[in-house]
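Encoded as structure tokens, the structure appears first; notes follow it.
Note that ligands are numbered from 1 as they come in the structure, with each ligand's atoms numbered from 1 the same way.
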Amino acid sequence: MAKLLVLTLLGLGLAFFRDYRSSYLARMNASREVKSVELPNCKLIKGIETGAEDLEILPNGLAFISSGLRYPGVKSFEPDKPGKILLMDLNKEDPTVLELKMTGSNFDASSFNPHGISTFTDEDNTVYLLVVSHPDVKSTVELFKFQEEEKSLLHLKTIKHELLPNLNDLVAVGREHFYATNDHYFVDQYMRSWELYLGLAWSNVVYYSPDDVRVVASGFDFANGISMSPDRKYVYIAELLAHKIHVYEKHANWTLTPLKSLDCDTLVDNISVDPVTGDLWVGCHPNGMKIFSYDPENPPGSEVLQIQNILAEEPKVTVVYAEDGKVLHGSTVASVYKGKMLVGTVFQKALYCEF
Ligand SMILES: *[C@@H]1O[C@H](CO)[C@@H](O)[C@H](O)[C@H]1NC(C)=O
Ligand SMILES: CC(=O)N[C@H]1CO[C@H](CO)[C@@H](O)[C@@H]1O
């Protein structure tokens, strides 16, 4: 009898883990093949070899690129070097990147570990750059003022808060005012893997302003990229491991209410919104498993989706670019400006394309 009980318990335990394992593989979309979609006029950007995890293009064609992310469990080609912010002028023919100097008396550039970024332009046309950073595996938002003449970023402030424990990305609505995703990846080594493995969906979205901070959406299986419609009425959130883009309605009191979600066949990372057309451009991982266990012989693939009319009953989803990782390992973000497109990756290169 006791033996039977032990066997039953063992069986139940195995079944439990088998279920979780298969759901884990499905969430990671472990075995999807990538059908290649090529673009004719693309080239790798010189000077980007350690990732371009996030990027944002200003309406005037200047692009900010965050490079050199060190993320536990994910490959880094320069694990001992601090990250940096690069600038690229997409109005130039054959644009190149330039590393922005970072200044400010209270800023420690040696522990800078940039992740998601967002800009805010005020009435005087001053551009502020907000950067999620992970100094010593913690999470902060670093606020910089962009000084175009000097090609530098003046550090103004470090923002930390107990409701911002493990940040991924943010979208600025003011100078010190944003929505941010906590992917819940940076809890600790042990919990991180179990949460990811079991799909506990502890990830959330937080509204931050200097005098009001609150969780405005929760229960995500790894909330990743966050962005906003050009009319600022809707917030878009990418739920990486559920393969979904969520649309939330934003209210005057900054609360968010869910409006709809769109299923994608891929792990959705960063979302950028074309300020002219309102289309969403999404950097995706067709095979999430390969991101977390890097093998140069079998690298993670890349995929870029364009989503038109997201509010319509049947939005139009186009795979603009896809390949098996020979060119780009694990695309995280894509953004467009006047017939040009930039595609970034977690830890490797970036691509510049002309349509
Ligand atoms: C915020 O505004 C929405 C829409 O007007 C309303 O439904 C909600 O109750 C408000 N929430 C709070 C906390 O004020
Ligand atoms: C393991 C797994 O769930 N793989 C899926 C990845 O996505 C493709 C396309 O949607 C599915 O056909 C696979 O079954």
Output block, N or O contacts of ligand 1, threshold 3.5 Å exclusive:
{"residue": "ligand 1", "atom": "2 (O)", "partner": "Asn253", "partner atom": "OD1", "Å": "3.3"}
{"residue": "ligand 1", "atom": "2 (O)", "partner": "Asn253", "partner atom": "ND2", "Å": "2.5"}
{"residue": "ligand 1", "atom": "11 (N)", "partner": "Asn253", "partner atom": "ND2", "Å": "2.9"}
{"residue": "ligand 1", "atom": "14 (O)", "partner": "Asn253", "partner atom": "ND2", "Å": "3.0"}

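- With Asn113 contributing its side chain and His134 its backbone, the two residues share a donor-acceptor pair below 3.5 Å.
- From Leu305, atom CG reaches atom CG of Leu280 across 10.0 Å, with rounding to the nearest 0.5 Å.
- A side-chain donor-acceptor contact under 3.5 Å links Ser66 to the backbone of His115.
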Enumerate donor-acceptor pairs with a distance under 3.5 Å from any side-chain N or O in residues 169-180 to protein atoms, sequence neighbours excluded.
{"residue": "Asp169", "atom": "OD2", "partner": "Ile226", "partner atom": "N", "Å": "3.2"}
{"residue": "Glu176", "atom": "OE1", "partner": "Lys157", "partner atom": "NZ", "Å": "2.9"}
{"residue": "His177", "atom": "NE2", "partner": "Tyr207", "partner atom": "OH", "Å": "2.6"}
{"residue": "Tyr179", "atom": "OH", "partner": "Trp254", "partner atom": "O", "Å": "2.8"}

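- Heavy-atom contacts from other residues, nucleotides or ligands closer than 6.0 Å to NZ of Lys160 number 12 or fewer.
- A salt bridge is defined here as a Lys NZ or Arg NE, NH1 or NH2 lying under 4.0 Å from an Asp or Glu carboxylate O, and Asp94 with Lys46 fails to meet this definition.
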